[in-house]
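What follows is one structure encoded as structure tokens, with my remarks underneath.
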Amino acid sequence: MLYALAVRKVESRMASSSHIFPPTTHAAAAAASSFSCSDINMIKQQDMNCKDSAACLALCSSSAILIKARRHSSCRLHSSTRVGFNAWLTQNKGTAYLHNGSKYWCCVSGTGEASMSEDGGQEAVVEDGRQTQFVNWFREAWPYIQGYRGSTFVLVIPGEMIAPRHILDSIIQDVSLLHGLGIKIVIVPGSHIQIDELLKERGKMPNYAGAYRITDKQALEASMEAAGRIRVDIEAKLSRGPCIPILRRHGENGRWHEAGGSVASGNFLAAKRRGVVDGIDFGATGEVKKIDVARIKERLDHNCIVMLSNLGYSSSGEVLNCNTYEVATACAVALQADKLICLLDGPILDENNQLLRFMTLQQADQLIRMRANQSYTAADYVKAVAGPSYVKSLGIDSTVNGTGIQRVSNPDRISNHSFSTNGTNSKGQGFAIGGEERLSRTYGYLSELTAAVYACRGGVRRVHLLNGTTEGVLLLELYKRDGIGTMVSSDMYEGTRPAKTSDILGIERLLRPLEESGVLVNRPHKQLLQELDSYTVVERDGSIIACSALFPYHDDKCGEVAAFVVSPECRGRGQGDSLLDYLEKRAVRMGLDQLFLLTTRTADWFVHRGFSECTIDMIPEQRRSKINLSRGSKYYVKTLQTTINDISIEAHIAAEGSF
């Protein structure tokens, strides 16, 4: 009996994988077509049609493989040597296919090297540099492991992610891991899919008005049944203990025999009836009235994972069905959580069908406002944060873009979502999304993005929108530097600060490659030390990923942008735009009216950001006399704005913090 086992590696960033097969094993290809990084698949020898005792295997890119042949003796494949293979065919982004007569077929990926003994052994392990990758992953993750300890995360698991059991199993396993690493976690599970299914089974169609469900008696019964099942299911999965046989290798420890993490749930959510809105009676639908922050924090401090259901309780003892996202955003804002993490059933893509990795609060806010005439979710957001007068000026007072969608909410909801002057929600309510618009995905994941921006405005610094169908998405997003999902940040200039002496080596590492290629002029170490006060750097996880110098010429009321560099792996993600915007604000604060620069290779980038070509006569005389004319540099200038969106630059800088 022959088996092939695909071994998952946490650090795989592939949402989907291609499979490599030996050219003569069509049956094997068909049998192995279901292999993925998240599955363990057994394939019987008689189904593979392999010659002799050949091992045939499908392999995900970046995954390691364990091949089991027939009996007990084995040979090892090491990452340090290559022995016994007749061919090495490179294909598919570095994935190699190895063929040794009719004895073995093995796949290895990436940069992994392998070897096999000549004895026709019965077991082979293709390690693909697993040990090195494992060590490197831990070292890369260490700043996050250390930094997240003691942080509070609110995790939304929508109904779409709960229905497929294998996805929920994977998510809960990683939640347990995060909890074990010292992160305080509040889980808010959704149930709208399950409620709808129960209602349809009982011959009743779900009924929505705007973002809210109309909860009649049958819908309330279905809501309680779904919420109860989900709570028990998640609690059971979180109670799963460790695999003792594996742990015994490292010695006995009583703690290893304990059950899984402790889970706390209860009446943490106080709600009130939504009532009759625009003539629609919402029945037992509730709105968040208060989150019991003190009791939730008490449970978190006692090392419990908190489960917060979407069922709220009124002061009269009623059970009310609340909106999951309203509960989650209200909880995140009330706790002032470090992160709100929302799992989705797909990725958020830009207009070029590429993953949208990062959005500032301002960018996301602008995108939502652009949709306010089309989407009732966007319209609700604008009403919540801008007030009724602004909404009325947009013409979305009663209908949404003439699409036939009736009033999305009543004026009372505007006051319920008002923000206080310190940027937090004054009454503790969250932001509801849902209904037919979300179910139909008319505007993609605009609803979830809107909730994310709302939470950021309420004081949650980071909101992560992740494709929950990706294996290990929580770990990949939180413990790899650039993550795997979409992050909305309330801090546009994260890690941007004036340079200090300890940054010199990091700045030099950025500058040297461009100096050696002639893109930048050479700046000796001594010169960098002398000019250090003029430099701004962007630091991420202890590394300098971008830098630039701003040299002011106060007599001419202008400044020079020089040594502007973004690390290659961070380009194309808006980091350069943020740094340039930061420099422009700093220049305005210094009383400068213009910025200028000299460049030989990067003119297009700066032209797209408002710079225009000029003559050398426009360069300050003090700087002009030091120009090396033999380089043939082009000169560009930009006039600075003293207002940003009708807000004074001084007020804008004050809101961002001092430089």
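What you see below is based on every heavy atom in this structure, not just the backbone, and it leaves out hydrogens, waters and symmetry mates. This one's a predicted model, so the numbers in the text were calculated from it and none came from an experiment.
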Return the minimal non-hydrogen interatomic distance between [X] and [Y], and the atom names on each side.
{"X": "Ala432", "Y": "Asn323", "value": "CA-OD1, 3.5 Å"}
{"X": "Val154", "Y": "Ala328", "value": "CG1-O, 4.0 Å"}
{"X": "Val566", "Y": "Gly576", "value": "CG2-CA, 3.9 Å"}
{"X": "Ile145", "Y": "Leu181", "value": "CG2-CD2, 4.3 Å"}
{"X": "Ala451", "Y": "Thr329", "value": "O-CG2, 3.9 Å"}
{"X": "Gln336", "Y": "Gly459", "value": "OE1-O, 3.5 Å"}

Taking [X] first and then [Y], would you say they form a salt bridge - that is, a charged N and a carboxylate O separated by under 4.0 Å?
{"X": "Arg512", "Y": "Glu515", "answer": "yes"}
{"X": "Asp556", "Y": "Arg623", "answer": "no"}
{"X": "Lys184", "Y": "Asp301", "answer": "yes"}

Out of curiosity, [X] [atom1] to [Y] [atom2], how far, rounded to the nearest 0.5 Å?
{"X": "Glu560", "Y": "Ser548", "atom1": "CD", "atom2": "OG", "value": "9.5 Å"}
{"X": "Leu583", "Y": "Met590", "atom1": "CG", "atom2": "CE", "value": "10.5 Å"}
{"X": "Leu466", "Y": "Leu344", "atom1": "CG", "atom2": "CG", "value": "7.0 Å"}
{"X": "Leu580", "Y": "Thr536", "atom1": "CG", "atom2": "OG1", "value": "11.5 Å"}
{"X": "His525", "Y": "Leu505", "atom1": "NE2", "atom2": "CG", "value": "7.0 Å"}
{"X": "Arg509", "Y": "Asp503", "atom1": "CZ", "atom2": "CG", "value": "10.0 Å"}

Quick check, are the ring centers of Phe611 and Tyr636 under 6.0 angstrom apart? no
Counting only heavy atoms not in [X] (residues, nucleotides, ligands), do more than 12 fall under 6.0 Å from its [atom1]?
{"X": "Glu569", "atom1": "CD", "answer": "yes"}
{"X": "Arg571", "atom1": "CZ", "answer": "yes"}
{"X": "Gln622", "atom1": "CD", "answer": "no"}
{"X": "Asp555", "atom1": "CG", "answer": "no"}
{"X": "Gln366", "atom1": "CD", "answer": "no"}
{"X": "Met370", "atom1": "CE", "answer": "no"}

Backbone N/O of [Y] and side chain of [X]: donor-acceptor pair under 3.5 Å:
{"X": "Thr360", "Y": "Val488", "answer": "no"}
{"X": "Arg357", "Y": "Leu355", "answer": "no"}
{"X": "Arg624", "Y": "Ile619", "answer": "yes"}
{"X": "Glu508", "Y": "Pro524", "answer": "no"}
{"X": "Glu326", "Y": "Val288", "answer": "yes"}
{"X": "Arg631", "Y": "Val519", "answer": "yes"}
{"X": "Thr486", "Y": "Leu356", "answer": "yes"}
{"X": "Ser375", "Y": "Ala378", "answer": "yes"}

Full working for side-chain contact (heavy atoms from CB on, under 4.5 Å) between Asp577 and Trp605: CA-CA 10 Å; Asp577 290 300; Trp605 192 90; 4.1 Å; yes
Do [X] and [Y] touch side chain to side chain, with heavy atoms closer than 4.5 Å?
{"X": "Val588", "Y": "Glu584", "result": "no"}
{"X": "Leu511", "Y": "Cys547", "result": "yes"}
{"X": "Asp338", "Y": "Arg461", "result": "no"}
{"X": "Pro620", "Y": "Phe596", "result": "yes"}
{"X": "Tyr144", "Y": "Leu478", "result": "no"}
{"X": "Leu343", "Y": "Thr469", "result": "no"}
{"X": "Leu528", "Y": "Tyr535", "result": "yes"}
{"X": "Asp593", "Y": "Thr639", "result": "no"}

In terms of relative ring orientation, are Phe153 and Tyr148 parallel, tilted or perpendicular, with 30° and 60° separating the classes? perpendicular
Going by the angle between their ring planes, with limits at 30° and 60°, are Phe606 and Phe564 parallel, tilted or perpendicular? perpendicular
Candidate pair Tyr635 and Asp617, rule side-chain contact (heavy atoms from CB on, under 4.5 Å), full reasoning: CA-CA 10 Å; Tyr635 315 105; Asp617 297 328; over 6 Å; no
Test log, rule side-chain contact (heavy atoms from CB on, under 4.5 Å), inputs Leu474 and His464: CA-CA 10 Å; Leu474 290 172; His464 300 257; over 6 Å; no
Would Leu595 and Leu550 satisfy side-chain contact (heavy atoms from CB on, under 4.5 Å), going step by step from the backbone distance to the final call? CA-CA 9 Å; Leu595 291 178; Leu550 175 61; 3.6 Å; yes
side-chain contact (heavy atoms from CB on, under 4.5 Å), paired with Val186, selected from Leu155, Leu300, Leu340: Leu300
Taking side-chain hydrogen bond (donor to acceptor under 3.5 Å, both in side chains) as the criterion, tell me which of Glu437, Arg438, Arg371 meets it with Thr377. Glu437
After noting the C-alpha distance and the side-chain angles of Asp345 and Tyr445, does the key distance pass the side chain to side chain donor-acceptor pair (under 3.5 Å) rule? CA-CA 10 Å; Asp345 57 359; Tyr445 295 102; 2.5 Å; yes
